[in-house]
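Reviewing the structure listed below.
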Amino acid sequence: MFDIIYVLEMTGVIAFAISGMLIARSKNMDPVGVFTIGFVTALGGGTLRDLMMDNHPLYWIKHQEQPILILCMAVVFSYWHRVERIRESRILLPDALGLGVFTILGAQLALDLDHSWFVASLLGVMTGTFGGALRDTFCNEVPLIFRKDQIYASISFAGCWLYFVCQWLLESESLAMTIGLLFIFITRLLAVRFDIRLQRDRRTVQ
């Protein structure tokens with residue numbers, strides 16, 4: 001039977017791992033560094049979610065194909081020289097996709113465990129953003145979630161609530177998840193494209 005949840009999980013893992021490995025290569029890290037950054041980016045958010053909900057064993061321990069896939073990707077990214085031509089700005093697409101996938105999956109899992117909408121939204125944001133925050137921290141960058149020139153966690157949070165409302169109104173889990181995921185993905189891309197942010201820097205008039 002086709003498992004859409006599993007497909008989304010693997011899509012998110014691949015997308016976030018790519019975003020992490022691109023930055024790791026831009027920082028001239030060795031294969032161990034490339035794997036580490038890819039691993040924490042792809043699985044860091046889900047690990048924190050599972051720890052917060054006391055969900056053991058951790059998801060990636062039950063599904064070892066995920067870290068194995070990341071290891072294989074790290075080998076490719078470390079020794080395929082064409083990767084060096086990929087600009088760091090290219091992480092936007094996989095990062096936005098990973099944000100959408102893991103935010104909705106994190107929220108969906110929290111709902112399945114009978115948490116409230118509010119708690120589920122926080123766990124969704126945590127799942128979607130924490131891996132990217134670890135990636136940026138390990139790469140000596142200010143995490144996107146903390147930067148004034150980026151809308152990141154707010155989009156994730158809004159996407160969770162859109163997913164909840166659509167699920168309640170439409171009574172279709174798959175359609176609600178799709179709408180929430182696409183909202184986060186598209187809104188994130190538009191926010192970067194048109195420089196939309198929550199707060200503008202104040203300029204001193206002289």
Side-chain angles (χ1 to χ4, degrees), residues 1-20 35-74 94-138 143-146 152-168 171-181 183-185:
M1 182 177 178
F2 182 72
D3 189 345
I4 185 62
I5 301 297
Y6 184 76
V7 171
L8 285 176
E9 288 169 350
M10 296 305 291
T11 300
V13 167
I14 292 172
F16 259 164
I18 289 174
S19 75
F35 170 74
T36 301
I37 300 303
F39 181 92
V40 299
T41 307
L43 303 178
T47 298
L48 179 61
R49 175 203 63 209
D50 288 345
L51 291 174
M52 294 289 288
M53 294 193 299
D54 196 26
N55 184 29
H56 296 285
L58 301 178
Y59 191 84
W60 60 266
I61 293 178
K62 291 191 295 183
H63 297 272
Q64 63 174 339
E65 66 272 14
Q66 293 184 351
I68 291 174
L69 174 61
I70 295 171
L71 177 60
C72 294
M73 292 175 62
D95 184 78
L97 180 59
L99 178 66
V101 169
F102 281 124
T103 293
I104 298 303
L105 290 180
Q108 186 260 347
L109 177 60
L111 289 182
D112 286 349
L113 295 176
D114 295 323
H115 292 293
S116 68
W117 281 10
F118 180 70
V119 171
S121 66
L122 294 182
L123 289 169
V125 172
M126 187 182 301
T127 307
T129 63
F130 190 72
L134 282 176
R135 173 199 65 207
D136 295 339
T137 301
F138 286 1
L144 290 173
I145 190 175
F146 300 134
Y152 201 73
S154 301
I155 295 174
S156 175
F157 186 74
C160 285
W161 284 92
L162 178 60
Y163 159 59
F164 300 152
V165 171
C166 287
Q167 185 186 49
W168 177 60
E171 298 183 352
S172 172
E173 178 75 16
S174 59
L175 181 57
M177 292 179 69
T178 300
I179 292 173
L181 193 161
F183 169 82
I184 294 172
F185 176 67

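All figures in this text were calculated on a predicted structure; none of them were measured in a lab.
Remark: side-chain polar atoms of Ser121 are paired, donor with acceptor, to backbone N or O of Phe118 under 3.5 angstrom.
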Would you tabulate the side-chain donor-acceptor contacts of residues 107-117 under 3.5 Å, counting partners in other chains and residues two or more places apart, or write 'none'?
from	atom 1	to	atom 2	distance (Å)
Gln108	NE2	Asp112	OD2	2.8
Ser116	OG	Val119	N	3.2

Distance-only check: which donor-acceptor pairs under 3.5 Å involve side-chain atoms of residues 55-62, not counting sequence neighbours?
from	atom 1	to	atom 2	distance (Å)
Asn55	ND2	Asp50	OD1	3.2
His56	NE2	Asp54	OD1	3.1
Tyr59	OH	Glu9	OE1	2.4
Tyr59	OH	Glu9	OE2	3.0
Tyr59	OH	His63	NE2	3.4
Trp60	NE1	Thr47	OG1	3.0

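How far CD of Glu65 is from CD1 of Ile70: 10.5 Å, rounded to the nearest 0.5 Å. A distance of 5.5 Å separates CD in Gln66 from CE in Met10, rounded to the nearest 0.5 Å. Atoms OG1 and CE, from Thr103 and Met126 in turn, are 11.5 Å apart once rounded to the nearest 0.5 Å.
For Phe39 against Pro67, the heavy-atom pair with the smallest separation is CE1-CB, 3.9 Å. Closest heavy-atom contact between Asp136 and Pro143: OD2-CA, 3.4 Å. In plain terms, the two heavy atoms of Ala42 and Ala17 that are nearest each other are CB-N, 4.0 Å. Shortest non-hydrogen contact noted between Pro94 and Ile18 is CG-CG2, 4.1 Å. The two residues Ala158 and Phe183 have their closest heavy-atom pair at CB-CE2, 3.8 Å. For Leu144 against Tyr152, the heavy-atom pair with the smallest separation is CD1-CE1, 3.8 Å.
Leu175 places none of its side-chain heavy atoms less than 4.5 Å from the side chain of Cys166. Residues Tyr163 and Ile179 form no side-chain contact, since every pair of their non-hydrogen atoms from C-beta on lies 4.5 Å or further apart. Contact of the Thr127 side chain with the Leu105 side chain is not registered, since no non-hydrogen atoms from C-beta on lie closer than 4.5 Å. Side-chain contact between Leu134 and Thr41: absent, with no pair of heavy atoms (C-beta onward) separated by less than 4.5 Å. Between Phe102 and Val13, the closest side-chain pair of non-hydrogen atoms falls below 4.5 Å.
Applying side chain to side chain contact (heavy atoms under 4.5 Å, CB included) to Ser156 and the options Ile145, Leu99, Ile104 leaves one that passes, Leu99.
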